[in-house]
Amino acid sequence: MTETIKPQYRQIWQTVQTIPVGKVASYGQIADLAGLPGRARLVGKALGYVPKSGWQGQKVPWYRVINSQGKISLPFGSKGFEQQKQLLQNEQVVVTGCRIKLKNFQWQPSIDELLFKLQF
DNA sequence: GCCCTGACTCTCA
DNA sequence: CTGAGAGCCAGGG
């Protein structure tokens, strides 16, 4: 195996996979849950390195990750942007322009889920 | 080791 | 809510 995948990226991808269908989370939120506080930008970079065909037999829902403003961070009109928008809409998430209604779709991990993570 | 860049975030007006 | 400015961390030249 000549894979040069960094541990931090694996951690980020794994956390992203815990986002429920129909919900979205911010980069900072993922970074924090992944145990990498203050590395929101690293999360964005890590998502860019996600294998196209998935990881560990599972797909990584990178499109469920947006910035704290509730907007898609990809350049408006870019291919990735349109793909993200489309995938989100496929999961009943309302996307207006480049914006998403966080009030209705932002993932809010319950205290139970947080405790569950801490048990590991 | 310095400097610039980036799928970010917080604060303030 | 929106936009501008500053802060932060890691990667690449």
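Computed over heavy atoms, backbone and side chain alike; hydrogens, waters and symmetry mates excluded. Remember, predicted model here, so these are calculated numbers, not experimental data. Chain letters run A, B, ... following the sequence lines, proteins first and then strands; every chain starts at 1.
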**Q** Using only heavy-atom distances, determine whether the side chains of A:Y63 and A:E91 contain a donor-acceptor pair under 3.5 Å.
**A**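 Per modelled atom types, A:Y63 and A:E91 side chains form a pair under 3.5 Å.
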**Q** Using whole Å, report how far CH2 of A:W62 lies from P of B:dA7.
**A**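 In whole Å, B:dA7 P lies 13 Å from A:W62 CH2.
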**Q** Using whole Å, report how far CG of A:N67 lies from P of C:dG3.
**A**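 Whole-Å distance recorded here is 13 Å.
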**Q** Show your reasoning for whether side-chain contact (heavy atoms from CB on, under 4.5 Å) applies to A:F105 and A:Q92.
**A** CA-CA 10 Å; A:F105 299 106; A:Q92 318 305 316; 5.6 Å; no
**Q** Can you see which heavy atom on A:A25 is nearest to which on A:W107, and at what distance?
**A**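 It is CB-CE3, 4.1 Å.
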**Q** Hey, does the side chain of A:R39 reach the backbone of A:A31 with a donor-acceptor pair shorter than 3.5 angstrom?
**A**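 Not at all, since once roles are kept as given, no pair shorter than 3.5 Å links the two residues.
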**Q** For DNA chain B, determine which residues of residues 71-94 of chain A have any heavy atom closer than 4.0 angstrom to one of its atoms, and list them numerically.
**A**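 Residues of residues 71-94 of chain A under 4.0 Å from DNA chain B: A:S73, A:L74.
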**Q** Rounded to whole angstrom units, what separation is found between the CD atom of A:Q69 and the P atom of C:dA4?
**A**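 Result: 12 Å.
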**Q** How would nucleotides 7-13 of chain C be written as a contact map, 5' to 3', with B for base contact, S for sugar-phosphate-only contact and - for no contact, using protein heavy atoms under 4.0 Å?
**A** BBSSSS-
**Q** Separation of A:I66 atom CD1 from B:dC8 atom P, in whole Å?
**A**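 Distance, rounded to whole Å: 12 Å.
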**Q** Write down the distance between CD1 (A:I30) and P (B:dT9), rounded to a whole number of angstrom.
**A**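 Roughly 10 Å, once rounded to whole Å.
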**Q** Any chance you could lay out the side-chain contact (heavy atoms from CB on, under 4.5 Å) test for A:D32 and A:Q29, step after step, and finish with the verdict?
**A** CA-CA 5 Å; A:D32 189 29; A:Q29 197 174 0; 5.8 Å; no
**Q** Go through it in stages, so that I can follow the logic: the residues are A:W62 and A:Q84, the test is side-chain contact (heavy atoms from CB on, under 4.5 Å), and I'd like the CA-CA distance, side-chain angles, deciding distance and then a yes or no.
**A** CA-CA 8 Å; A:W62 57 269; A:Q84 178 166 20; 3.8 Å; yes
**Q** Could you go through the side-chain contact (heavy atoms from CB on, under 4.5 Å) check for A:Y9 and A:L42 one step at a time?
**A** CA-CA 8 Å; A:Y9 290 178; A:L42 182 62; 3.8 Å; yes
**Q** Answer yes or no: is there a donor N or O on one side and an acceptor on the other, between the side chain of A:T96 and the main chain of A:R99, under 3.5 Å?
**A**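 Pair absent, no side-chain N/O of A:T96 close to backbone of A:R99.
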